[in-house]
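Because only heavy atoms are used, hydrogens play no part in the values below, and waters and symmetry mates are left out as well, while side chains stay in. As the structure lists them, so they are numbered: ligands from 1, and atoms in each ligand from 1.
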Amino acid sequence: VIATDITPRRQAEEQAAAQAERAQTASRLITMGEMASSVAHELNQPLTAINNYCNGMISRIKDQQITEEAMLAALEKTSKQAQRAGQIIQRIRSFVKRSEPNRALSDIGTMVSEAVELAEIELRRRNVRLSYYVAARLPRLLVDPILIEQVLVNLMKNASESIDAADRPSPRRSVELRVVPRQVEGQDAVEFSVVDTGQGLAPEVLERLYEAFFSTKAEGMGIGLNLCRSIIESHSGRMEAENLYNGADITGCRFSFWLPVYQQPNEGAARSAEQTTRIPG
Ligand SMILES: Nc1ncnc2c1ncn2[C@@H]1O[C@H](COP(=O)(O)OP(=O)(O)OP(=O)(O)O)[C@@H](O)[C@H]1O
Ligand SMILES: [Mg+2]
């Protein structure tokens with residue numbers, strides 16, 4: 001009799017825990033003031049890119065050093081970033097309205113290369129090398145790709161700012177982005193991590209990392225990580241941060257997040273059919 005009673009009680013407990021967790025996540029979602037700051041913050045990246053491409057074209061036209069083809073390529077990149085700016089406004093607006101993220105099955109390689117393209121401008125400016133590794137055969141993720149790309153860009157930007165702040169010599173100015181499969185509580189997930197060689201996280205910074213408007217930078221708004229964590233949690237994932245050590249010395253830090261892989265019933269069927277046909281003999 002006791003054994004049969006336990007199941008509904010445990011279910012109720014699990015339900016209550018899940019509800020509490022949802023409430024906590026929702027309360028972390030940003031307020032109006034934070035939303036205005038987030039939009040401003042995120043728009044900086046495509047605007048910087050547009051400004052860069054335009055300045056490049058201007059100086060090359062002045063030097064009469066640009067072919068029509070190169071000009072077209074630069075204009076296409078400029079236009080792509082302007083479109084992205086529009087998408088960012090739209091996605092952040094709907095994200096803050098607490099509606100579900102605008103999810104679609106998204107290719108991880110594409111998200112990584114779009115984020116890298118955007119972050120590279122900032123990294124190059126700070127003389128920081130970027131390398132990235134994306135494991136083979138990762139599944140597509142049911143996410144809003146624009147939002148996940150924003151998270152990656154923010155993490156890479158923080159990484160390069162920290163390397164600059166630590167004033168590392170050039171062999172030690174590097175950021176590595178890695179994307180690998182991972183299991184979380186027995187479920188398939190994909191882990192993204194950004195490792196830097198910067199100054200690392202002091203205990204008082206670690207404590208307030210995700211607080212809105214907390215920044216140790218003269219020009220920082222302090223909204224980047226707050227937005228990142230909200231985005232990841234709205235996709236049912238989690239973010240983590242840790243220092244990296246060489247003996248007792250902090251050599252940098254590692255920000256990572258994982259996102260769950262949703263098993264699409266149709267995709268699963270298609271995949272197993274594909275496997276059967278591949279079995280030789
Ligand atoms: N990779 C990192 N290495 C060291 N410290 C970091 C790193 N990333 C974040 N921090 C610390 O966390 C703080 C909050 O980061 P967050 O991205 O939220 O704001 P910010 O970078 O200061 O400003 P913003 O992103 O709004 O321009 C930073 O000011 C910095 O002190
Ligand atoms: Mg930041």
Is Lys157 salt-bridged to Glu161, cutoff N-O under 4.0 Å? yes
Near Val205 (heavy-atom distance under 4.0 Å), the atoms of ligand 1 are 11 (C), 12 (O), 31 (O)
Judged by heavy atoms only, the candidate from Glu219, His41, Arg208 nearest atom 25 (O) of ligand 1 is His41
Among non-hydrogen protein atoms, atom 7 (C) of ligand 1 lies closest to Phe255 CE1, 3.7 Å
Kindly confirm or rule out an N or O of Gln199 lying under 3.5 angstrom from an N or O of ligand 1. no
Within 4.0 Å of some non-hydrogen atom of Ser162, the atoms of ligand 1 are 2 (C), 3 (N), 4 (C)
Quick look: Val194 vs ligand 1, heavy-atom contacts under 4.0 Å, and the answer is neither
Checklist entry - Is it true that Arg173 and Asp164 have a side-chain N and a carboxylate O under 4.0 angstrom from each other? => result yes
Heavy-atom proximity to atom 28 (C) of ligand 1, picking from Met221, Met156, Lys217, points to Lys217
Check: of Ser215, Gly220, Ala212, Cys253, min heavy-atom distance to atom 22 (O) of ligand 1 comes from Ser215
Looking only at protein heavy atoms, what sits closest to atom 30 (C) of ligand 1 is Thr216 OG1, 3.4 Å
A student checking ligand 1 against Phe214 at a 4.0 Å heavy-atom cut-off should list atoms 14 (C)
Nearest heavy atom to atom 17 (O) of ligand 1, choosing from Ile250, Asn154, Asn158, belongs to Asn158
Tell me whether Ser215 has at least one N, O or S atom under 2.8 Å from the Mg ion (ligand 2).
no
If we only consider heavy atoms of Gly200, is any one of them less than 4.0 Å away from an atom in ligand 1? yes
heavy-atom search around atom 15 (O) of ligand 1 in the protein gives Leu225 CD1, 3.6 Å
_Between Ser230 and Cys228 (side chain of the first, backbone of the second, donor and acceptor by atom type, cut-off under 3.5 Å), is there such a pair?_
no
min-distance protein heavy atom vs atom 12 (O) of ligand 1 -> Leu209 CD1, 3.4 Å
shortest atom 26 (O) of ligand 1-to-protein heavy-atom contact is with Gly222 N, 2.8 Å
- prompt: Do Arg254 and Glu191 sit within salt-bridge range, that is, some charged N less than 4.0 Å from a carboxylate O?
  reply: yes
Checklist line | Residues Arg84 and Glu149 bridged, charged N to O under 4.0 Å | finding: yes
In Ile163, Leu244, Val175, Thr251, the residue satisfying side chain to side chain contact (heavy atoms under 4.5 Å, CB included) with Thr197 is Ile163
(Q) Is it the case that the side chain of Asp107 and the backbone of Arg140 share a donor-acceptor pair, with hydrogens and angles ignored and the cut-off at 3.5 Å? (A) no
- When you check the gap from the basic side-chain N to the acidic O, do Arg178 and Glu176 get nearer than 4.0 Å? yes
* To do: Salt-bridge test for Arg208 and Glu204: reply yes if a basic N is under 4.0 Å from a carboxylate O, no otherwise.
  => no
Nearest non-hydrogen protein atom to atom 1 (N) of ligand 1, with distance, is Asp196 OD2, 2.8 Å
Item checked: Sidechain-backbone polar pair: His235 side chain, Pro260 backbone, donor-acceptor under 3.5 Å -> no
Nearest heavy-atom contact between Leu138 and Val180 is CD2-C, 4.2 Å
re atom 10 (N) of ligand 1, the protein heavy-atom contact at minimum distance is Leu201 CD2, 4.0 Å
